[in-house]
Amino acid sequence: MKSKNSLFGFLISAALLNAGLTSAFAADETIRSLAEERGRFIGTILNSEWFNDNIEPEFEQIHKTQFNVVVAENEMKFDATEPKENEFNYTKGDKMIAYAQANNIRVRGHALAWHSQVPGWVNDYKGQKEKLLKVLKNHIDSVVGHWKGKVAEWDVVNEAVNDEYNAGWRSQGSVWYEGIGAEFLDSAFVWTHAIDPDAELCYNDYSLEWGMRENSKASFVVEQVKRWKKNGIPITCVGTQTHIEIAHETTPQNVRDFAKALAELDITLNITELDIGFPKGSAGSLGAADYAKQGHLYRQFMDVFLEEPNMGEFVIWGLTDAHSWLDEQQGKTEGLLYDKQYKPKPAFDSIMVSLKSHPASEVKTPYTFKKDTIPSDTTVQDTTVKDTTVRDTTAKDTSNAIMKFTGLQKLSMHLAGRTLFITGTSAKPSTVELFDMQGRPVFSTKCEKGSIDLKHTAEGLYVVRIRTGSTSYMQRIAIK
Ligand code: XIL
C-alpha cells in the first residue's frame with residue numbers, strides 16, 4: 001500500500017511540478033487542514049523578527065493559515081528566559097503562547113537544558129556541581145511552571161551527544177555535563193515531569209538523520225532511551241533536528257529506520273528543525289530542477305512522517321527564505337518552503353501532494369487525550385471482556401488503546417453532517433464530552449435524545465467521549 005501511495009504521489013507530484021500548478025489545491029486546502037485531518041502537527045518556527053514586530057505581514061498570515069504547531073526561534077531558551085540569576089523574563093514567550101492559543105496552534109517548548117545560549121552567569125558556576133544542579137532545577141521549576149498546561153511538549157535536553165563519531169556525551173563545552181555529569185539529563189527529565197506531568201518530554205539533537213550505524217549519534221540515542229525507559233525516566237519523544245543539504249539523499253530512509261527503532265520503545269519521533277539548504281554559493285544560479293529536487297526530498301520526509309505511526313510533529317526551521325538562520329550562520333541558502341517574496345516553492349506543493357496521497361483513514365497518530373484530562377472516576381471499566389491492558393491508566397494512551405476501548409464497548413456513535421448520533425445507551429441521559437487533539441476539553445453536554453447538535457463547533461479533529469452509567473466509549477471525529 002505504501003509503495004502504491006508513493007508511486008501515485010510521485011506521479012501527481014511530477015505532473016503538478018511539471019505543470020507548475022501550485023493552484024491545483026482547493027483554496028481552503030492548506031497544509032494545516034490536511035495535517036489536522038490526519039491527527040498530525042506540521043509547523044514552523046516564529047522567527048525572532050516576529051517577536052520584535054519586525055517582519056512582513058505575510059509572515060503571520062501564512063503561518064497561522066498553513067501550520068498547527070509552533071516553536072520560538074530563540075525566545076524560550078535559557079538566556080532569554082533567565083538572563084539574570086532567578087530573574088525570569090517571559091514577555092516574548094507569553095506573546096507566542098497568546099498567539100498560539102488565539103489560533104489553536106500547538107506549542108513546542110525549546111529548550112531547557114542545552115550547552116548553547118546559556119547566559120554568562122551560569123558559566124560563572126563552571127565545575128560547581130551542587131550549585132549547577134540547583135540552578136538547573138530552579139530554571140526548570142520556574143519556566144515549566146510558568147507555562148504549565150500551555151506548552152504541549154518540551155525539548156528537555158538539546159544536543160547533549162558529541163560530534164566525534166564515538167557515541168558519547170558531549171563532555172566538552174557543556175557547562176551542564178562538565179559540572180554535573182550525565183545525570184543532568186536524567187534529572188532534567190524528572191524535574192520537568194514533576195512540574196508538568198501532561199507535557200511530552202523530548203531529547204532533541206542534530207545529525208540523528210545520519211542513520212543507526214555503529215557509533216552513530218542515532219544508535220547512541222536509542223541506547224540511552226532504552227536505559228531511560230528501564231529506569232523510569234519520563235521521556236516520551238525524541239526530536240531529530242534534521243538540518244540537511246540538498247545532497248543528503250539517503251536521510252529520509254534513515255529517519256524511517258530511526259522511527260521504527262524508537263517505536264519499539266514506545267517513543268514518538270518528531271522532526272523538529274528541518275531545513276534542506278543549497279550551498280550558499282549557488283544563490284542566484286538555482287533553476288527549476290534544483291527546486292524540484294528540494295521538493296522531492298521534502299516529499300520523502302513527509303512520506304516517512306505520515307507512514308510511521310509513532311511520528312507526531314514535522315517542524316521546519318523557518319517559513320521564508322527571507323528570514324533564515326541558514327544564510328545568517330550556516331553557509332547555506334533557500335532551504336525553506338516559501339521564497340523571499342513569500343511565494344510557495346515546489347517544496348510546498350510536494351508536501352501537499354504527500355499529504356493528499358496519504359488518506360486520513362490510513363494515517364495513525366501517536367496523540368490522544370492526556371490521561372489527566374480524564375477524571376479518575378470515569379476510567380473505562382469493561383465488565384464483559386477480560387483484557388487487563390485497557391485498565392492500565394499509567395501507560396501512555398495510544399490510538400491503539402482508543403481503538404481497543406471502542407471495540408470492547410456496545411456504545412457507538414456516528415456523525416452525519418453536524419449531528420452526532422449515539423446508539424447503544426440504555427442508561428439515559430449519557431454525558432458527551434468533546435476534546436481537541438491536545439486533550440483539552442472543548443465542551444461537555446448531556447445527551448437526552450440520542451443525538452447532539454455540533455453546528456456551533458469549529459471545524460477540526462476531535463476526540464468524543466460518551467459516558468453512560470459505568471460504561472464509556474471514545475472515538476475520533478472530523479467536523480467539516
Ligand atoms: C538557532 C537560531 O535559529 C539562531 O537565530 C540562533 O542565533 C542560534 O540558534 N539547533 C537548535 C536551534 O536547537 O535552537 C538553533 O537555532 C539551530 C540549531
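When a ligand or atom number is given, it counts from 1 through the structure's own listing order. Please read all numbers here as calculations on a predicted model, not as lab measurements.
Applying the ring-ring contact (aromatic ring centres under 6.0 Å, His included) criterion to Phe314, with sequence neighbours excluded, gives Phe305.
Annotation: cation-pi pair Arg106/Tyr367 present, NZ/CZ under 6.0 Å from the ring centroid and within 45° of its normal.
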Without placing hydrogens or testing angles, list every side-chain donor-acceptor pair under 3.5 Å for residues 118-126, not counting sequence neighbours.
unit_1	atom_1	unit_2	atom_2	d
Trp121	NE1	Glu82	O	3.0
Trp121	NE1	Pro83	O	3.1
Tyr125	OH	Glu85	OE1	2.6

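Each of Glu73, Asn74, Lys77, His110, Trp114, Gln117, Asn158, Glu159, Gln241, His243, Glu273, Trp317, Trp325, Gln329 has a non-hydrogen atom positioned under 4.0 Å from some atom of ligand 1.
Listed by first and then second residue, the salt bridge (Lys or Arg N to Asp or Glu O under 4.0 Å) pairs that reach into residues 325-339 come to none, sequence neighbours excluded.
Proximity of Leu136 to Ser187: side-chain heavy atoms (C-beta onward) are nowhere separated by under 4.5 Å.
When each of Arg256, Lys364, Arg40 is paired with Glu308, the salt bridge (charged side-chain N to carboxylate O under 4.0 Å, His left out) condition holds for Arg256 and for no other.
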